[in-house]
Amino acid sequence: MEQVVGERETEQQVRGRIETEFDVTVLRDASVQITKKLWNDIFPETPAHFWEDYYGQKMDKSAVFAVMDDEVQSMLHLTPYAAALRRNPMTLHTKRLPSMTDIARVETNLISMAFTKEEYRNSGCMRRLMSGALEYQERMNIPVCFVYTDEGDFFKHFGFHYIYDRPQYVLNRDEISEKMLEKAAAGEPIPMNGKNIVLKAADNDSLLELAHFVNANLCRRYGFFIIRSAAYYERFRKEVLGTGGDLFLLMENGQIKGYFAFAKGSVREAVFANPSDRERILLESGDKKPAVMARIINLPEMLRHISGNKKTTIAVRLKDPVLAKNDGDFIWYLDETGSHMERVEQARCGADASVRPEVSATIGEFTAFIFEYITLKQNAKFDNIYLAGPAWMNERY
């Protein structure tokens, strides 16, 4: 109990400093309800139950940053998630597949809402909120923050970079017809074209098994993803059912072999144990689209999870437009246990050729490099790094 109280006091202290430094209000717990009116003004067509569905599960941990006077003028909502981040891949030296024991659990945040009332736009409100929210997370030791957006230019100004392109799928109607979906949604198990696979809709009793299946398969192929739970799929299923869809499982001898979420004629999410099953059942309907941007927030917290296959040092110049701690010249030290950066004074960097930057990058570019979305430079030293990608991102809440 003492530890919990101590952590809460620390968060309260950070919150108070952020409010003073950036002239914003940081709302927690039930106080976020005062932003509901702004939400309704911006999105008047939203069903009345959406607010409770959205905030109800995470209100106790969410942080909402607001510019307020007589009313809430602008708001930014951070939703917390537990992410899986690949550890030093010791499984490369064994014959077993990677599992959840090979990942580190890290805290991260999604910028799930960010909007300003029309009459207050172009007044700097959102810049104050973004800067304050990023500084808040840095002080709370959050390693990385992400956002779903097609407004890449806006978020690039705050150090974000795309790290994930979302594929687009449609159902192969030669394999799964509308009638089959309707019967499965009604509770009937549907044999799949004479194969030993059955299509069925998920129910509340199968959601924990589904979460285990998805986590187990994602950690075999990806270095970063949001950890799934039965509660996550309970909320997701409620949303999909509300739009006339469902979560569908492909079962073989009582075991999940694949899963997809389908609503309004589109595939919302899909994970298969065998890629050939996915290629048979789902058809790509277009090119992948850049969908998720991210940026490292607390550099030491992130880098302690990034290791190398031997001792390596790299001189790095990072440019961060918001967080001064991430901006400057650094020496990056890596070994098999992790890594860290030490700042290099500008005078020393200019005088000593041994510490002149071998690579320069924005914090967003460095983040995209860590998640294997881009390469920074052809350098043998980078071959020694165990990167944390690729990322797989498809969160709904």
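When reading the values below, keep in mind they use all heavy atoms of this one structure, side chains included, and skip hydrogens, waters and symmetry mates. Starting from 1, each residue takes its place in the sequence as its number.
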Inset, instruction - Determine whether more than 12 heavy atoms belonging to other residues, nucleotides or ligands lie under 6.0 Å from atom CD of Glu118. - result: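 Open.
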
Legend entry - Heavy-atom closest pair, residues Phe330 and Asp327: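 Closest pair (atom of Phe330, atom of Asp327, distance): CE1-C, 4.0 Å.
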
Are the charged groups of [X] and [Y] less than 4.0 angstrom apart, N to O?
X      : Y      : answer
Arg295 : Asp320 : yes
Glu19  : Arg15  : no
Lys377 : Glu358 : no
Lys310 : Asp335 : no
Asp153 : Lys156 : no
Asp329 : Arg317 : yes

Inset, instruction - Tell me, with the steps shown, if Phe22 and Phe65 meet ring pair (Phe, Tyr, Trp, His ring centres under 6.0 Å). - result: CA-CA 10 Å; Phe22 295 91; Phe65 297 76; 9.2 Å; no

Measuring only between side-chain heavy atoms, which start at C-beta, is [X] closer than 4.5 Å to [Y]?
X      : Y      : result
Val144 : Phe371 : yes
Tyr164 : Pro390 : no
Glu342 : Tyr333 : yes

Path from [X] to [Y] over hydrophobic side-chain contacts below 4.5 Å:
X      : Y      : value
Val198 : Leu210 : no
Met251 : Leu208 : no
Leu181 : Ile190 : yes

Legend entry - Chi angles and distances behind the salt bridge (charged side-chain N to carboxylate O under 4.0 Å, His left out) call for Arg139, Glu135: CA-CA 6 Å; Arg139 297 182 190 184; Glu135 186 68 36; 3.0 Å; yes

Inset, instruction - Indicate whether any N or O donor in one side chain lies under 3.5 Å from an N or O acceptor in the other, for Glu269 and Tyr259. - result: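 There is such a pair (donor and acceptor under 3.5 Å, judged by atom type) between the side chains of Glu269 and Tyr259.
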
Legend entry - Single hit among Lys183, Arg268, Arg237 for salt bridge (Lys or Arg N to Asp or Glu O under 4.0 Å) with Asp246: Arg237

